[in-house]
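Per chain, numbering begins at 1; letters A, B, ... match sequence-line order. Being a predicted model, the structure only gives us computed values, none of them experimental.
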Amino acid sequence: MTTLLSVKDLSIAYKVGSNDVVAVSNSGFDVPKGTIVGLVGESGCGKTTMARALTRVIADNARIAGGEIAFDGQDLAALPEAKMNALRWRDISFIPQSAMNSLDPVYRVEYQIMEVLRDRGGMTRRAARARAAELFEMVGIDKGRLRDFPHQFSGGMRQRAAIALALALNPKLVVADEPVTALDVIIQRQILDQLRTLQRELGLSVIMVTHDISVVAYTCDRTVVMYAGKVVEDCDTATLLNRPLHPYTMGLKNAFPDLKSAGSGVLTPIAGSPPDLADPPDGCRFAARCPFAAELCRSTEPAPLEVEKGHIVACHRASEAAQLRLEASKPQTWEAMA
Amino acid sequence: MSDSLIEMTNAQLHYKVGNSISAMMGLPSTVKAVDGVSLTLKRGESVGLLGESGCGKTSMGRVLVRLEQVTGGSARFDGKEIGQMKGAELQAFRSRSQMIFQNPFDAVNPRYSIRRTLEEPLSNAGIKRGEWHDRVIAALELVGLGDPEQFLERFPHQLSGGQLQRVVMARALILEPEFVVADEPVSMLDVSVRAGVLNVFRDVRDRLGLTAIYISHDLALVRYVCERTIVMYLGRIMEDGPTEDIVHAPLHPYTQALVAAVPTPHVDQSHAPLPIGAGAPDPRNPPSGCVFRDRCPLVQDRCASDIPQPRKIGTRLVACHFAGS
């Protein structure tokens, strides 16, 4: 499988006062062509910063402090702004978290889609109008609603319109930032189904940013887990959920309610909170919350290693993972940390 | 003492909406947030109110702690009509029933220290000042905030979301209520701390023997907390019964769609299309008869004319003409 996007050693720093807060630190992952890759983690783990950096639309006080973003033979991290701008929408598009705020309330939806098609795609008015109708059909909105204003749409329809916009110019890569988080379960499911169907039909590559493991399980071929600005585990989704190698991934699974389990079970929290990224610890960033942390973990940061084919993990004790998984499935293992 | 604490009989909460212009245009002027709901909660029972946004679950919770009052029918607490309480009786009710809000950062005054946040209800309830300190400490310990002294002089922004939600819980519990409404109390929290807050909620409820309503759109969470679940849609109850039965064999077609839509952390999923139409209708203009009929796979002519009344099927009440047949 060819690789469409390869992020290597990427660091992104925010200037806060006179300090640098490194939100993403020496992290990377690959997106094979035609797959959906999930980027999961808790708030503040750097997943959204990472995703936004791929389009180079980042906050004013943020900068790419190192690393490369290899996309289709170019390094996006080093590309001049004019060239980068030419790639946006056409090669890489973005579905923002809150589609409610991403559509302009004072313009009709049709106008906003046509604007992208004409300014970015160089289409004529007539061609753009026809394409807008086609896009609406693709995402399952009646094309009679093209002339509506965003406020006339429900939340689910607005999210569909944002997807239509992202697909307008047949991009190679779509970056979706929590595309279903604000939606009810039924609409959430319908949007995810739609996204998957379109992804298969159009051969798209998608990066899906989410905090929800079950969304990843439902849609993503591969999953990248981030913690405190670092990629801690990266592998195909089935293996990640069935045989995780990193204690953080094991902990996340325990904390997640599962409707398919026999009883309502016990959810186990991970005690503590992530480290302050303005002053990260020396060793492994998860060590303070990890029930398996050893001396080495507190002094030396583990490097991400491909320990099995296609399974990358950054943990000193990855070779003992089978034993740790057993331990991690017991609530008392985690309670001891509280 | 009767063994039921909460009783609603044909309760309605209709909000007036729109203005003179929308009225001239002939648009409906009410939203029926709660429309003809009847239910009984036994003392010590925990019930999940499940439904999508706009189904009326939060409105119903607000009626039961008297943040809203019914516009028709009846809602009683310990035998007394909630809307008619006055004076000392109302004051006592304010202590006996409490609400835990969704977003802890919106639910507390950012300029109050944690001590003051927790002392305010004690002051309102007329508790003697000499008891305040001990009760504040006890409440913080109750919700699992170990070493409570260190929190007293801190302000909300100095706490993590999980800690602050525990403070909000402590504030709700400090007057030792009998009845608590928790409105999506963990939806703003990260997964790794969510479990901790839910465990505290379960633990405290069992220890104090609370009667509780847990409002959520997430069946997996409701299942973790409540033995009984009520499914609402557009202001009406669709299904009411033991949570495990609802999870494993939902009877109402709406519940079936909800259960099918819940994603789980497993890869082996069928991706079968949901048995339900797309958009929910405009709550100002719900369908006649059964409010669910325009999305329902079982719909027949009768659904447009007859409002289905809840009927007993096994362990459950189901408001559908055709469910289970």
Exercise. Should B/V267 and A/Y218 be marked as a side-chain contact (heavy atoms from CB on, under 4.5 Å) after you check the CA-CA gap, both sets of side-chain angles, and the distance that decides it?
Worked result: CA-CA 6 Å; B/V267 184; A/Y218 190 68; over 6 Å; no
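- Counting non-hydrogen atoms of neighbouring residues, nucleotides and ligands closer than 6.0 angstrom, the CE atom of A/M138 exceeds 12 such neighbours.
- In terms of heavy atoms, A/F256 sits closest to B/V191 at CD1-CG1, 3.4 Å.
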For this session: Test side-chain contact (heavy atoms from CB on, under 4.5 Å) on A/R289 and B/S192 and set out the steps.
Result: CA-CA 11 Å; A/R289 299 171 80 189; B/S192 72; 3.2 Å; yes
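- At a 4.5 Å heavy-atom cutoff, the contact between A/S43 and chain B is made by backbone and side-chain atoms alike.
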For this session: Give the intermediate values and the outcome of side-chain contact (heavy atoms from CB on, under 4.5 Å) for residues A/V185 and B/D218.
Result: CA-CA 8 Å; A/V185 289; B/D218 187 337; 5.9 Å; no
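- With B/P265 as the fixed residue, the side chain to side chain contact (heavy atoms under 4.5 Å, CB included) test singles out one of A/I213, A/V215, A/L252: A/I213.
- Nearest heavy-atom pair across B/R223 and A/L259 is NH1-O, 3.3 Å.
- The contact between B/S53 and chain A is made by backbone and side chain atoms together, counting heavy-atom distances below 4.5 Å.
- Under a 3.5 Å cut-off, the side chain of A/R189 and the backbone N or O of B/A257 do not form any donor-acceptor pair.
- B/K32 NZ: 12 or fewer foreign heavy atoms inside a 6.0 Å radius.
- In this structure, chain A has heavy atoms under 4.5 Å from both the backbone and the side chain of B/L219.
- Between the side chains of B/T264 and A/D258, no donor N or O sits under 3.5 Å from an acceptor N or O.
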For this session: Assess whether side-chain contact (heavy atoms from CB on, under 4.5 Å) is satisfied between B/R202 and A/L267, documenting all intermediate values.
Result: CA-CA 11 Å; B/R202 289 210 311 193; A/L267 299 182; over 6 Å; no
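- Shown here for B/A195 and A/A255, the closest heavy-atom pair between the two residues is CB-O, 4.1 Å.
- If you take CG on B/L274 and CD1 on A/I186, they are separated by 6.5 Å, rounding to the nearest 0.5 Å.
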